[in-house]
Asker: 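A single structure is presented below for examination.
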Amino acid sequence: MDAPTVTLRVPPLADHVTLLRTVVSGIAARRDYTLEQVDDLRMAVEEAAVLLLRHGDGTPLELHATVRPEELHVELSTDITGPDPVVDPTSFSWMILQALTDDLSTTVDGGRARLTLVKQREQPTSFEGRG
Amino acid sequence: MKTSYTRDDTKDLFAQLRDTGDPQVRATLAHLHLPLVEYLAKRFRDRGEPLDDLIQVGSVGLLKAIDRFDLERGVEFSTYATPTIVGELKRYFRDKGWAIRVPRRLQELSLRLNKVVATLTQQLGHSPTVAEIAKYAGVSEEDVLEALESGQAYSTTSLDAPSGSEEDDSPLRLDRIGEDDVALDNLEYFASLAPLIAELPERERTILFLRFFRGMTQSRIADHVGISQMHVSRLLTRILEFLRRGMDNGDASF
């Protein structure tokens, strides 16, 4: 069976970045990610969305969050006008995204820019079973 | 006067600290002046923060004052330390200023969770999950998420204020990690960002460096800098917002 995916499409406005952020935090929190990991994802989604907004051509931002057993796969995309990726691997943004995620990629295909963020789940010892 | 013996003690201890740099002496001095911190912290008690947290914040100011106090100045240590401690407390409240209207219920929950997170992190040895926080605090996971999100709704204005005279931004515990210059050098590699980063107060610059260049976790940074993990989280969010806005105003890319 395919991993469950949550999809969200929002207008290309900074106001809506909060929504993308909240949705991803919500998914991660309910998948028992630790607070710091949830926070990392929140910041990473924000950074990625801002990059796409900056380079986008005004089409909506799309979010696909795929929930896999041990990782959360978040793809953000929008149409852009130029041929270049929205983030340069030598930039500060890239460094931030790298620090916040376990895996990261950026592609441009047919005018569509995609940023993919992967966050693995730590296995915290939970209170369950302790009664 | 009853305090006179403390004064002499204090002078001796400072002389000793200057000569030996013994951390034990520093700790004794800190212990000796904790009542001053408590006294000053109580003046901020009616602002809705737990007194314990205020004392912890004030203690950071006390340590700063101990490290900077110069016997030759001929002033009493308590006179010298008071503005530093009060400054630290004021900065704490300024950092926490709610930017948008957040319901009181959420403000209170957010403040409470701050403590719960610290306790759980200690107990579990790792950052807790939202489920763990909810269970411990006796609230729903939705409430926790909502409080955490609202906890980010802080003013960003203080980062816009020029650092300098009013801002007491000398290194906090950089002596312990000894990398303030390294931090700046590394960050300056990103030439377009350098002017913006230079505007950040020392503490924020350190946090930025430790998180994104050293890959240090928020909890570890919190230990280093002497503030809570959730406070680190808020500062990181604000730092990134500040840099983004700064870049948007210029023409360079981030």
Side-chain angles (χ1 to χ4, degrees), chain A residues 14-15 17-19 21-51 53-55 82 84-102 121-131, chain B residues 113 116-117 120-121 123-136 141-142 144-146 148-149 151-153 186-187 189-193 196-197 208 210-222 229-230 232-234 236-237 239-241 243-245 247-248 252-254:
Chain A
D15 286 354
V17 171
T18 319
L19 266 179
R21 207 172 69 189
T22 309
V23 165
V24 175
S25 316
I27 295 172
R30 287 177 183 79
R31 293 289 298 165
D32 270 349
Y33 277 70
T34 68
L35 188 57
E36 287 195 30
Q37 288 188 301
V38 173
D39 214 40
D40 285 350
L41 272 167
R42 190 179 52 71
M43 283 186 220
V45 167
E46 172 115 26
E47 184 65 32
V50 167
L51 284 169
L53 281 182
R54 201 173 281 162
H55 293 86
D84 299 324
V86 294
V87 56
D88 181 334
T90 62
S91 67
F92 190 63
S93 285
W94 185 261
M95 184 162 202
I96 289 173
L97 287 170
Q98 266 189 327
L100 297 172
T101 59
D102 293 305
R121 189 157 59 129
E122 280 171 16
Q123 288 291 344
T125 42
S126 78
F127 283 122
E128 280 165 42
R130 268 205 232 169
Chain B
L113 293 185
V116 170
V117 169
L120 283 177
T121 304
Q123 279 181 14
L124 301 168
H126 62 75
S127 169
T129 66
V130 169
E132 286 166 340
I133 297 167
K135 190 167 181 185
Y136 188 92
E141 293 183 26
E142 274 65 31
V144 174
L145 279 172
E146 208 184 346
L148 292 175
E149 184 69 29
Q152 295 294 342
N186 272 279
L187 292 169
Y189 168 71
F190 298 97
S192 55
L193 273 181
L196 282 173
I197 287 166
L208 178 73
L210 293 177
R211 181 66 193 92
F212 296 120
F213 287 73
R214 283 293 175 87
M216 212 183 253
T217 64
Q218 290 182 11
S219 308
R220 283 194 59 207
I221 296 173
Q229 177 263 318
M230 284 169 78
V232 171
S233 162
R234 284 192 290 270
L236 278 172
T237 302
I239 292 164
L240 291 181
E241 260 170 39
L243 294 177
R244 261 181 222 127
R245 262 183 304 139
M247 295 310 283
D248 281 342
S253 77
F254 201 56

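Each chain gets a letter, A, B and so on, in the order its sequence line appears, and its residues count up from 1.
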Asker: Is the closest side-chain heavy-atom distance between B/Thr237 and A/Met43 below 4.5 Å?
Answerer: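 A side-chain contact under 4.5 Å exists here.
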
Asker: Against chain B, label A/Glu46 side chain, backbone, both or neither, depending on which of its atoms sit under 4.5 Å from a heavy atom there.
Answerer: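 Both the backbone and the side chain of A/Glu46 come within 4.5 Å of chain B.
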
Asker: At a heavy-atom separation under 4.5 Å, does B/Val117 approach chain A through its side chain, its backbone, both, or neither?
Answerer: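 Contact with chain A is through the side chain of B/Val117 alone.
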
Asker: Using a cut-off of under 4.5 Å on heavy-atom pairs, state which of A/Asp40, A/Val38, A/Val87 scores highest against chain B.
Answerer: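 The candidate making the most pairs under 4.5 Å is A/Asp40.
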
Asker: Under 3.5 Å, side chain of A/Arg30 to main-chain N/O of A/Gly26, donor-acceptor pair present?
Answerer: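 Indeed, once roles are kept as given, a pair shorter than 3.5 Å links the two residues.
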
Asker: Under 4.5 Å heavy-atom distance to chain A, tell me which part of B/Thr121 shows up: side chain, backbone, both or neither.
Answerer: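 No part of B/Thr121 comes within 4.5 Å of chain A.
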
Asker: At a 4.5 Å cut-off on heavy atoms, which part of A/Asp88 comes close to chain B: side chain, backbone, both, or neither?
Answerer: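 For A/Asp88, neither part sits under 4.5 Å from chain B.
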
Asker: Could you check which of B/Gly215, B/Pro128, B/Ala131 has the highest count of heavy-atom pairs closer than 4.5 Å to chain A?
Answerer: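 Heavy-atom pair counts peak at B/Pro128.
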
Asker: To check you understand the geometry: which heavy-atom pair defines the closest contact between B/Phe212 and A/Ala99, and what is its length?
Answerer: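 Looking at all heavy atoms of both residues, the shortest contact is CD2-CB, 3.6 Å.
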
Asker: Please check if the side chain of B/Gln218 supplies one atom and the backbone of B/Val232 the other of a donor-acceptor pair under 3.5 Å.
Answerer: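 Judged by distance alone, no pair lies under 3.5 Å.
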
Asker: Donor-acceptor pair, A/Arg121 side chain versus A/Arg31 backbone, under 3.5 Å?
Answerer: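 Side chain of A/Arg121 to backbone of A/Arg31: a pair is present.
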
